[in-house]
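Structure record follows, encoded as structure tokens.
Both backbone and side-chain heavy atoms feed into the values below; hydrogens, waters and symmetry mates do not. Just so it is clear, the model here is predicted, and its values are computed rather than measured.
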Amino acid sequence: MNLANTAFVLIASILVLFMTPGLAFFYGGLVSEKNVVNTMLSVFIMTGLAILLWVAVGYSLAFSGDIGGVVGNLHQALMKGVNLTSLTVNHIPLGAYALFQMMFAVITPALFVGAVVGRIRFKFLLWFLIAWSLCVYYPMVHLVWSPDGWLAKLGVLDFAGGTVVHINAGVTALVLSAWLGPRLTKPTTACHYNLPWVLLGTAILWIGWYGFNAGSALAVNGVALQAALTSTVATATAMIVWMLLDMWTTGKPTLVGVCTGTLCGLVGITPAAGYVTILGSVAIGALATLASFGFVTYLKPRLGVDDALDAFGCHGISGIVGSLLTGVFATKAVNQTIATNGLAYGGGWHLLGIQTLATIMTIVIVAVMGSLLIGLLRWLMPMRVDAQEEQLGLDQGEHGERADYTVGLSERLTTEFQPDQERFAGEFKGQLQRLQGHSSNRHHEKNH
């Protein structure tokens with residue numbers, strides 16, 4: 001066991017896990033007050049369900065054996081026969097690698113939750129997660145990251161999840177939104193629950209992304225360092241580009257825009273992080289953000305698909321751009337393991353052609369399988385909450401909880417010159433009533 005590499009992968013695994021609660025804060029801050037609990041729970045529940053699924057069948061379907069280059073087998077279901085202490089080529093235990101991949105299986109389905117907040121049944125979402133993991137995510141991992149996978153043998157480059165994670169989750173978000181239909185009432189103005197949460201979630205995601213990207217080197221080496229550097233520079237570029245676009249189109253920079261641009265940069269550089277130069281990362285960060293901004297601002301309104309938090313506009317579009325540009329900017333000067341340089345470094349069109357094919361194949365596989373799964377599940381159970389529950393909000397309708405009871409309290413306290421009893425919070429009414437009762441009793445006894 002290489003202790004440095006093993007410690008590095010374990011820390012990276014923890015960072016990737018940290019991204020899921022970060023995403024819960026990011027999405028929870030963006031939605032309206034009545035859907036905060038549902039949104040955050042829908043993201044965070046993935047940590048439980050996806051981990052158990054991975055142990056039960058996920059690892060085996062992704063990495064055990066091979067069926068047609070598309071998926072593994074179930075010979076190692078429940079991790080049966082997996083020697084967790086055997087060493088990989090980087091001299092880390094197989095158990096550490098399995099843990100690292102487990103965290104990717106957690107964060108990926110959490111990404112598409114943002115598209116369907118406020119109108120999808122929680123029960124339907126859980127069953128869809130199970131079916132989607134079995135039929136879409138695990139086969140995609142095998143196709144791209146297993147040595148026996150068809151796309152892996154073709155020579156596709158996906159350093160940390162451009163196809164497997166972001167295009168996959170983004171296209172799933174688009175398909176779910178299309179099947180689910182638009183919200184009954186879309187907010188005409190921004191009604192985000194908590195903008196500081198959005199910034200907090202973005203910061204957590206950026207920190208966790210170092211585990212996501214640099215950790216994908218699976219060793220403490222130059223490639224890991226390069227991935228950390230390119231991830232940082234691409235993200236900073238995307239942040240500034242989105243802010244400038246906001247100022248150009250609306251005249252004002254916005255916190256939501258800056259945070260969204262930050263996420264686009266992280267997504268765009270993911271497939272290329274360990275293959276491109278710092279200058280290449282600048283180009284990828286800028287181009288991915290331009291594409292996502294253009295889609296969200298100009299194309300999405302014409303499509304008529306209500307992707308509530310732009311999961312496809314951010315993860316799908318930036319993931320597609322990053323995957324394609326890997327075929328342009330990848331270079332052996334950064335990573336000697338790649339077979340040929342990208343277009344910008346004299347490698348011709350070969351790698352770009354492979355990246356284009358892999359990107360198109362990912363979109364088609366995910367769209368077709370996602371639609372089939374949704375159609376089947378809709379036949380078995382309702383997908384969408386009823387109109388009354390949607391108007392009430394899924395926090396109350398699905399969970400019977402509120403994000404913050406002090407919201408109502410603060411509204412009551414803003415009204416002055418009311419009787420004392422009316423200005424106290426609801427939880428004190430019982431005590432006031434008891435005090436009033438005691439006072440009335442004493443008054444009655446005194447009169448007698």
Side-chain angles (χ1 to χ4, degrees), residues 62 68-71 104-105 107-116 128-129 131-146 149-180 263-264 267-272 284 287-296 299-300 302-307 309-328 349 351-375:
V70 176
V71 70
F104 279 69
I107 186 65
T108 305
L111 298 174
F112 59 66
V113 168
V116 294
F128 179 77
L129 167 64
W132 178 87
S133 297
L134 294 171
C135 301
V136 180
Y137 182 73
Y138 303 147
M140 281 303 308
V141 174
H142 186 84
L143 278 164
V144 177
W145 286 336
S146 169
W150 180 70
L151 291 177
K153 289 181 177 179
L154 196 64
V156 64
L157 297 183
D158 188 354
F159 189 75
T163 53
V164 177
V165 177
H166 295 295
I167 299 177
N168 189 356
V171 173
T172 301
L174 186 66
V175 171
L176 277 170
S177 300
W179 278 83
L180 195 57
L263 200 58
C264 289
V267 171
I269 196 60
T270 291
I284 290 173
L287 292 172
T289 304
L290 286 168
S292 285
F293 184 89
F295 177 87
V296 170
L299 187 56
K300 176 190 168 183
R302 300 180 182 181
L303 288 180
V305 177
D306 187 11
D307 177 355
L309 301 184
D310 293 314
F312 177 75
C314 183
H315 296 278
I317 296 297
S318 287
I320 290 169
V321 172
S323 181
L324 295 176
L325 291 181
T326 303
V328 176
W349 294 91
L351 183 57
L352 180 57
I354 293 173
Q355 294 299 116
T356 303
L357 176 62
T359 300
I360 294 173
M361 287 292 297
T362 301
I363 294 171
V364 171
I365 291 170
V366 175
V368 171
M369 288 302 301
S371 296
L372 290 174
L373 294 174
I374 293 170

Taking side chain as C-beta onward, heavy atoms only, is [X] less than 4.5 Å from [Y]?
X    : Y    : result
D306 : V116 : no
W132 : M369 : no
S371 : W179 : yes
L174 : V305 : yes

W145: partners by ring pair (Phe, Tyr, Trp, His ring centres under 6.0 Å), with sequence neighbours left out: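 By the ring pair (Phe, Tyr, Trp, His ring centres under 6.0 Å) rule, W145 matches F104.
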
Write down the atom of [X], the atom of [Y], and the distance for their closest heavy-atom approach.
X    : Y    : result
L143 : G69  : CD2-O, 3.1 Å
C135 : P139 : O-CG, 3.6 Å
A367 : V175 : CA-CG2, 3.9 Å
V267 : C314 : CG1-O, 4.1 Å
A169 : T108 : CB-O, 3.6 Å

Step-by-step side chain to side chain contact (heavy atoms under 4.5 Å, CB included) determination, N168 to V136: CA-CA 8 Å; N168 189 356; V136 180; 3.4 Å; yes

Basic-acidic side-chain contact under 4.0 Å: K300, D307: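 No.
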
How long is the gap from [atom1] on [X] to [atom2] on [Y], to the nearest 0.5 Å?
X    : Y    : atom1 : atom2 : result
I320 : S292 : CD1   : OG    : 9.0 Å
T326 : I354 : OG1   : CD1   : 12.5 Å
T172 : L129 : OG1   : CG    : 11.0 Å
L352 : S323 : CG    : OG    : 9.5 Å
S146 : Y138 : OG    : OH    : 15.5 Å
M361 : I363 : CE    : CD1   : 11.0 Å

ring-ring contact (aromatic ring centres under 6.0 Å, His included) evaluation trace for F295 with F312: CA-CA 9 Å; F295 177 87; F312 177 75; 5.2 Å; yes

Criterion side chain to side chain contact (heavy atoms under 4.5 Å, CB included) on T289 and S318, from CA distance to verdict: CA-CA 7 Å; T289 304; S318 287; 5.8 Å; no

Quiz: residues 152-167 side-chain donor-acceptor pairs under 3.5 angstrom, not counting sequence neighbours:
from, atom 1, to, atom 2, distance (Å)
D158, OD1, G161, N, 2.8
D158, OD1, G162, N, 2.6
D158, OD2, G162, N, 3.2
D158, OD2, T163, N, 2.8
D158, OD2, T163, OG1, 2.4
D158, OD2, V164, N, 3.3
H166, ND1, H315, ND1, 3.2

